[in-house]
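Just so we're clear, the structure is a prediction, and the values are computed from it rather than from any experiment.
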Amino acid sequence: MEKNDIEYFKKKLEEEHILVEKELSSIGERNPSNLSDWEATPEQGVESATDPNETATTIEGFEENTAILKQLEIRYNEIVSALKKIENGTYGKCEKGEEIIERERLEANPAARTCEAHMS
C-alpha cells in the first residue's frame, strides 16, 4: 500500500476515533482499572427515583446504553488496532492470509482486519 493511501486511511481512522470516543463518553466512562474498557453510566437521578415507573424507565435506559456502549467499544477497539497497525507497518494486510486488503473494503471499513476472501 502506498504512503499516500496509508495517510488517507489514517486520517479517516483518526476522525472516526474522535467521533466514537465522543459517543462513548456521552453514555459511559473509562474503567479506571482498564483504560481500554468502557462502562455505561446510569442517567442522573437513578439513586433518588422513588416512582417505580420512573425507576423502571431509568433502568431500561441504562440497559440500552449498555448495549450501545458495547457496540461502540468494539468499534473503538477496532479503530485503535488499525491505528497501531499503521504505526508498525502492517496496516492493510489480511490477518488470516496476509493478502493486501482491497481498497474498496478499506473505504467501506478502514479498520477492516481481513480481505474479502477471509471475511467470514
- Message: Assess whether a salt bridge exists between Glu95 and Arg113, defined as any Lys/Arg side-chain N lying under 4.0 Å from an Asp/Glu carboxylate O.
- Response: yes
- Item | Atom pair CD/CG of Glu104 and Leu106 - distance to nearest 0.5 Å | 9.0 Å
- Is a side-chain donor-acceptor pair under 3.5 Å present for Tyr8 with Glu107? yes
- Give me the ring orientation class for Tyr76 and Trp38: parallel if the planes are under 30° apart, tilted from 30 to 60°, perpendicular past 60°. perpendicular
- Query: Looking only at heavy atoms, which two atoms of Asn65 and Thr41 are closest? And how far apart?
  - Reply: ND2-O, 4.3 Å
- Spacing of CD1 belonging to Ile101 relative to NE2 belonging to His118, to within rounding of 0.5 Å: 11.0 Å
- Message: Just verifying a value: how many Å separate Ile100 CD1 and Arg105 CZ, rounded to the nearest 0.5 Å?
- Response: 14.0 Å
- Task: Kindly write out the residues that satisfy side-chain hydrogen bond (donor to acceptor under 3.5 Å, both in side chains) with Glu7, not counting sequence neighbours, or none if the list is empty.
- Result: none
- Should Ile27 and Thr66 count as side-chain neighbours, where that means a heavy-atom distance under 4.5 Å? no
- Would you give the length of the straight line joining atom NE2 of His17 to atom CG of Leu83, rounded to the nearest 0.5 angstrom? 6.5 Å
- At their closest point, which heavy atom of Cys115 faces which heavy atom of Cys94, and how far apart are they? N-SG, 3.5 Å
- Are any side-chain N or O atoms of Ser81 and backbone N or O atoms of Asn77, one a donor and one an acceptor, separated by less than 3.5 Å? no
- Task: Step by step, work out the salt bridge (charged side-chain N to carboxylate O under 4.0 Å, His left out) result for Lys11 and Glu16.
- Result: CA-CA 9 Å; Lys11 184 177 182 204; Glu16 187 178 2; over 6 Å; no
- CD/Glu73 to CG/Asp37 distance, rounded to the nearest 0.5 angstrom? 5.0 Å
- Task: Answer yes or no: is there a side-chain heavy-atom contact under 4.5 Å between Asn4 and Phe9?
- Result: no
- Note on the structure: For Lys96 and Thr114, the nearest pair of non-hydrogen atoms, with its separation, is CG-CG2, 4.1 Å
- Query: Quick one: are Glu78 and Ile74 in side-chain contact, heavy atoms under 4.5 Å?
  - Reply: yes
- Task: For Ala82 and Ala111, work out which heavy atoms get closest and say how close.
- Result: CB-CA, 3.9 Å
- Query: Are any of the side-chain heavy atoms of Arg75 and Ile79 separated by less than 4.5 Å?
  - Reply: yes
- Taking everything shown except Lys85 itself, do over 12 heavy atoms lie less than 6.0 Å from its NZ? yes
- Are the side chains of Leu24 and Leu69 in touch, meaning some heavy atoms are under 4.5 Å apart? yes
- Message: What's the separation between atom CD1 in Ile18 and atom CG in Leu13, rounded to the nearest 0.5 Å?
- Response: 11.5 Å
